[in-house]
Structures are given as structure tokens and as C-alpha cells.
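Take a look at the structure below.
In this text the structure is predicted, and so the values were computed from the model without any measurement.
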Amino acid sequence: MLESRRHRCMSTLSLLIALFIVLALASDTCAPNPIAVRIGNVTLANHQVARGAEIHIGDPPQPFAFLPQWPYNTSFVYGIDGHCVFKREEPTNDGCDTLRGGAYDAFASKTRQVAYPEEFPKENAPFPETTLVADGMKLNENMSLAAFPLGVALNDWGAEGYHLMACLGLGTNSTFLNTLRESGKIASRTWSFFWGRSSGPSASQTDGSLVLGGYDRAKVSSGERYVEMLQDSTSPCSTQMIVTITDMVLNFPNGTDVSIFPESLSTALTACIVPDYPVLMTLPSDPFMDNFFQLTDAAQNHERSFGINYYSFQYSAGEKRYDGDMTIKFQSGLAVRVANDQLVVPDVDINPSTGELIANYTNPDLVINGLQNISANDMPQLGRQFLSAAYVMVNQDTRQFSLWAANPVSGEDLVAVDVNNVDITTICESNASTIISSSSPTPTPSPEKTSHSSPGKIAGAVVGSIGGLAILGVIAFWIIKKREASSEVSEQNEVIQPYVENERSQPFSAESKSELPDNSFLVPVELEHPTHRSLPPYELGD
């Protein structure tokens, strides 16, 4: 009997040790490698280019330039009819293809399947009506989705030149993010965005990237990371990413720095980050843009562009252009400097007949949209060129977004981020080229509180778990020894009991306490989850 009890105790100890080894290893859990989608010039089926996230649909693969959209949760493309009208003249199919970032030919794809309405979240206006399909989606050379549910637009949704292209829905219930997360291809419903440098000398232009499940550490500066909470669905900001601008400074080439904020301004500007917005930012003309043009000796009245930098200010021929940089400062402490070649750029338009990009260097654009008249009180927006100087990451699981000053390099260093917005340094070994089937899972709730752990803290958690394992081992050993001793005494008493029964025999009492503590209160707890012109073609940089 003693031997049997020893065997049971040793089995219990072995199970406890195994459990804590698992817990110790879990504290340094590996994560799937983040998925990087190139943002750059995509050669479309019409042999022209559009800048966006390069994704191929169907088999044989059809190329598209996607841009993210909010609060849309479904992803959609435009078909071969395009549903587009230029403001100046009726376009051909080629012109429309460039405008839309590609044209989906459903009948040309061998992998097109039927899609079902229940696979699509309910969407509100102003987004276009769509017909539903499911088809393969190739994100990069190593990652594809099979039978991914897509909408095909049935009409233009009246977004003028602001939101024109194939849409990657990254809203709070994003089908795209949910599919990747639930299939185990990303560690969290996190995405990050860097537009790259899309203008300036060819040598200085760089691709950007859309990273899913983490961020690209190579694209962020060595400065601080600024984390803020996303707003709720009642926010006037469609992306729910609101920041506070405290100053905007013109950095003149002679070293002089001058603010365009009036001295009497006592409040800061709140602004909404919209990564696909076609200009650097929108900004009230009075007083900010009035001050800008006065300080830079430019005219106060300007035409507007109707090209890809839609409705930005356009310099007239012979007018003095600003030749310095601009620094934007935020309440959080972040400051980003926008280079002049991303601030004053050629006016680029689409030839509606051929789809070719045409550049006008005589009348360049200042990529700021001045808010005036009925839009004077609109919330300012920060768009694409802002994200050539800043890097943004959104974690839909923790309802947080992060900003860094950007580092415009071509290298890549992907970092996974978990559902608590913590970097994960260990990448799981897996077959990254696996093609997965898609679905439309419902996201888990966000946690109310999040932690911000460095790799050192993660390592500390491992050490702590191992330490806990050692302590548990000692406790278990003590308990076993005590029980063994007690068992030995008990067996001895059983042997001699007939001789001493009258002297020491006592009845068992219900009030007797067991040596092991009562853990009946330890119940399972569910963790919270958190103008067309006759001009030469414009070649975008590689």
C-alpha cells in the first residue's frame, strides 16, 4: 500500500511539473511570421501602372493595386465595366482600369466560386452596391488565400477623386483580418502601413508596405513609439485614429524655422489619419494655409488639381514654389518631418483614353487640400504623404494604434504583434506558402486593459515561470514526504492497533482538515480577448 501511494504521489508530481513546463514555454509563445504586401507601382492588365498594395486575384492571376478603406469590412474590386466617369471626358476601359487600380474579369478566372451573403458583414452607405464572388487572393510569393469572399462593385459610390481604387476593408470586423487571424496566419488582427516615397528623384523613391499581423521594424526610426486608443463608432473620423496637432513648422533651406500656427491660437487641431487619402493633409485655409502662402511668398489663390493628388493646391506657371520641408508636431510628443519632394510634387493625371499617367511639372501640386467655405469646419485629415514621414500600426484586438517617425529604407525586418499589442520575438516554424481557405469569423472582444512588454519582460516572464516551477517542485516534494511519513505511521498503527486500540482509537470527525488546501473556489475563468493634357508620360519610381 505504501508503494502504491508513493507511485500516485510521483505521478501527481510528474503531471504538475509537465503542466508548469508547458506554462513556462507558453510565456515565450512563438507567432506566425507577419505578412508583408508591397505598396508600389503595380503593372495592371492594361499595361499601365497604379500605386497601391500589390495583390493578385484569381487564376491566372489578375493584378490589382488595392488601398485600405474604413469603416468598410468587406474587400471589393471593380469589374471590367469599371463604373467610372472622368470629370472632363468619358474614359475608355483602359483609362478606367488605371483609375480603379485594376479590373476584375470574373469569367477569366478558373478559381472563381459562388459566394454567399452570410460571408459578408452588413455595410452601410456610402459604399457601392456589390455582387458577391469568392476567388483566390495572392498577397505575396509566400501567402495566398483560397476562395476569399470579395465584392464586385456595381456602381460608383460618389467619392469623387478621393477614394477610387480597389478596396481592402480593414474595419473593426474586417473579413480579411478575421480570415488571416482565425486560420492562424497572423498572431493578431493587426496591420501597419507605410506609403513609401512616391515622388521626387527616382533614386530617392521607395516602395511602401502593408504588413498584416505586425509591423516592419526597419521602416520605423529609432525614436519612441506613441500608442493611442482608437475612437468608438460614433467618431467623425472614419478610421477612428484621431491625433492632436500642436504645431506645424516650415523648415526653410537657410535653417530658419517658422510656425504657420497663429500666435493667438490657444487650442490645437484634432486630425484623422486616413492612409488612402490622396494628399498629405487637409487643413483650414483660414488661418493656416493663408499663413503658409504668406510666409512662402506665394499667391493666396490657387487652382486645384483633379489628378491623383485630388483637390490639392496647384501652383501656377512661374509662381514661386516652397522649397523647404515641413514638420508636424503632435500632443503626444511625436514630430515628423515631411521632405519637400513629398510636399511639392508634379501634378499627375490619368489619360482617360490610354490609362497612361501624365505629369505636369509646370504646374506642380502642393499636396494640401485647403478647407474653406462649407468645409471650413471639417476635421483635418492626414493622408498618404503623411505616411511617407510617419509609420502607423493598428491593433483591432486591443483597439489601439501606434505611430513612429518613419525610416524610408528598402530593407525589411518584420515583427509579430500579439492580441495584447506586445511584440513577439520568436517566429514559429511553418510552411509559409500554405494556401488556406477563407471564412468570415467573428472577432473576439477587445480587452479593457493592455500591457506593453519588451522582449526583456517576456524573458522575465519565462524566468518567472521556471522559478515558479522550482518552487512548486519543492512544495510538491514536501507534501509527498509528509504524506509518506503520515502513511508510514498509519500503516504502523494498523499493524499494532489490536494492541493499543483501547488507548488511542478516535473516531473520524467531519471537522478534520485535509493536509492539501481546499481549491473548490478555483473555478475556470474565461480570459477577456481582448485634366487630361498633352504632356509626356510620367514614370513612377521603382
Side-chain angles (χ1 to χ4, degrees), residues 32-42 49-57 63-77 101-102 137-145 148 150 163-172 174-181 185-198 205-220 238-239 241 273-278 382-397 401-404 406-417 432 438 540:
N33 203 36
I35 302 166
V37 181
R38 185 183 77 93
I39 292 177
N41 301 329
V42 180
V49 300
R51 187 178 180 91
E54 183 176 17
I55 295 175
H56 292 76
I57 305 295
F64 287 85
F66 278 82
L67 284 175
Q69 265 301 329
W70 304 265
Y72 207 67
N73 293 305
T74 308
S75 297
F76 69 84
V77 293
M137 175 183 279
K138 182 180 178 182
L139 306 180
N140 58 32
E141 291 302 320
N142 298 317
M143 181 58 65
S144 296
L145 303 176
F148 182 76
L150 282 167
H163 308 289
L164 296 173
M165 295 167 60
C167 155
L168 202 57
L170 295 177
T172 56
S174 167
T175 303
F176 185 62
L177 293 177
N178 291 344
T179 297
L180 291 171
R181 174 72 180 98
K185 294 305 174 183
I186 56 177
S188 62
R189 295 183 309 125
T190 297
W191 59 268
S192 56
F193 190 97
F194 174 61
W195 178 245
R197 296 171 63 93
S198 59
Q205 295 182 18
T206 63
D207 282 346
S209 69
L210 171 68
V211 178
L212 308 163
Y215 67 100
D216 187 349
R217 186 162 46 194
K219 302 294 193 304
V220 304
S238 63
T239 67
M241 290 186 282
I273 301 174
V274 185
D276 77 310
Y277 199 81
L382 294 165
R384 302 175 193 169
Q385 287 85 351
F386 171 70
L387 292 170
S388 68
Y391 190 99
V392 66
M393 181 181 78
V394 177
N395 190 322
Q396 292 285 15
D397 289 318
F401 69 98
S402 303
L403 283 172
W404 295 262
N407 181 31
V409 297
S410 58
E412 187 175 87
D413 179 15
L414 302 180
V415 177
V417 173
S438 65
L540 295 173

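- Here the rule is side chain to side chain contact (heavy atoms under 4.5 Å, CB included) with F401, and of V394, T239, T190 only V394 fits it.
- The backbone N or O of P408 lies less than 3.5 Å from no partner atom in the side chain of R197, so there is not a single donor-acceptor pair.
- A distance of 8.5 Å separates CG of L139 from CG of L168, quoted to the nearest 0.5 Å.
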### Query
Under the side chain to side chain contact (heavy atoms under 4.5 Å, CB included) criterion, do V274 and L382 qualify, and how do the steps go?
CA-CA 6 Å; V274 185; L382 294 165; over 6 Å; no
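- T206 is not listed as a side-chain neighbour of S410, based on a closest heavy-atom distance of 4.5 Å or more.
- Taking OG of S402 as the start and CG of N395 as the end, the distance is 8.0 Å to the nearest 0.5 Å.
- Between F193 and W195, the angle of the ring planes stays under 30°, which puts this pair in the parallel group of the 30/60° scheme.
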### Message
Let's go through L180 and I35 carefully: what are the C-alpha distance in whole Å and the side-chain angles of both, what is the deciding distance for side chain to side chain contact (heavy atoms under 4.5 Å, CB included) to 0.1 Å, and is it a yes or a no?
### Response
CA-CA 10 Å; L180 291 171; I35 302 166; 3.9 Å; yes
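- Contact check for P32 versus K185: no side-chain heavy atoms found under the 4.5 Å cut-off.
- Listed here is the closest heavy atom pair of Y391 and S192: OH-OG, 2.9 Å.
- In this structure, the side chains of L145 and F176 come closer than 4.5 Å at one or more pairs of heavy atoms.
- The shortest non-hydrogen separation linking G411 to A218 is O-CB, 3.7 Å.
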### Task
Given side chain to side chain contact (heavy atoms under 4.5 Å, CB included), test Y277 with F386 step by step and report yes or no.
CA-CA 10 Å; Y277 199 81; F386 171 70; over 6 Å; no
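- Rounded to the nearest 0.5 Å, atoms SG (C167) and CG (D276) are 8.5 Å apart.
- Side chain of R189 to main chain of T172: a donor-acceptor pair is present (N/O by atom type, distance under 3.5 Å, no hydrogens or angles).
- L403 has its side chain within reach of I273: a pair of non-hydrogen atoms, C-beta onward, lies under 4.5 Å apart.
- Without hydrogens or angle criteria, D413 side chain to R217 main chain gives no donor-acceptor distance under 3.5 Å.
- Taking 4.5 Å as the limit, some side-chain heavy atom of L177 sits within range of a side-chain heavy atom of L212.
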### Query
Given the rule in the side chain to side chain contact (heavy atoms under 4.5 Å, CB included) test, do I57 and F148 qualify, once you have shown the distances and angles that lead to the verdict?
CA-CA 9 Å; I57 305 295; F148 182 76; over 6 Å; no
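- Using a 30° and 60° split on the angle between ring planes, W191 and W70 fall in the tilted class, from 30° to 60°.
- Between G102 and F64, the closest heavy-atom pair is C-CE2, 3.5 Å.
- Shown here for K219 and D216, the closest heavy-atom pair between the two residues is NZ-OD2, 2.7 Å.
- Here the straight-line distance linking atom CE of M143 with atom CE of M137 works out to 13.0 Å at 0.5 Å rounding.
- L210 CG to R38 CZ: the interatomic distance, rounded to the nearest 0.5 Å, is 12.5 Å.
- Residues M165 and A50 come closest through the heavy atom pair CE-CB, 4.3 Å.
- Of the possible polar contacts, one joining the S174 side chain to the G169 backbone as a donor-acceptor pair under 3.5 Å is found.
- Between F66 and V77, some side-chain heavy-atom pair lies under the 4.5 Å cut-off.
- Nearest approach of G52 to V42, heavy atoms of both residues: O-CG2, 4.0 Å.
- Checking side-chain atoms of N41 against main-chain N and O of V49 turns up no donor-acceptor pair under 3.5 Å.
- Side-chain atoms of Q396 come within 3.5 Å of backbone atoms of L170 as a donor-acceptor pair (strictly under, hydrogens ignored).
- We find the CD1-CG distance between I39 and L67 to be 7.5 Å, quoted to the nearest 0.5 Å.
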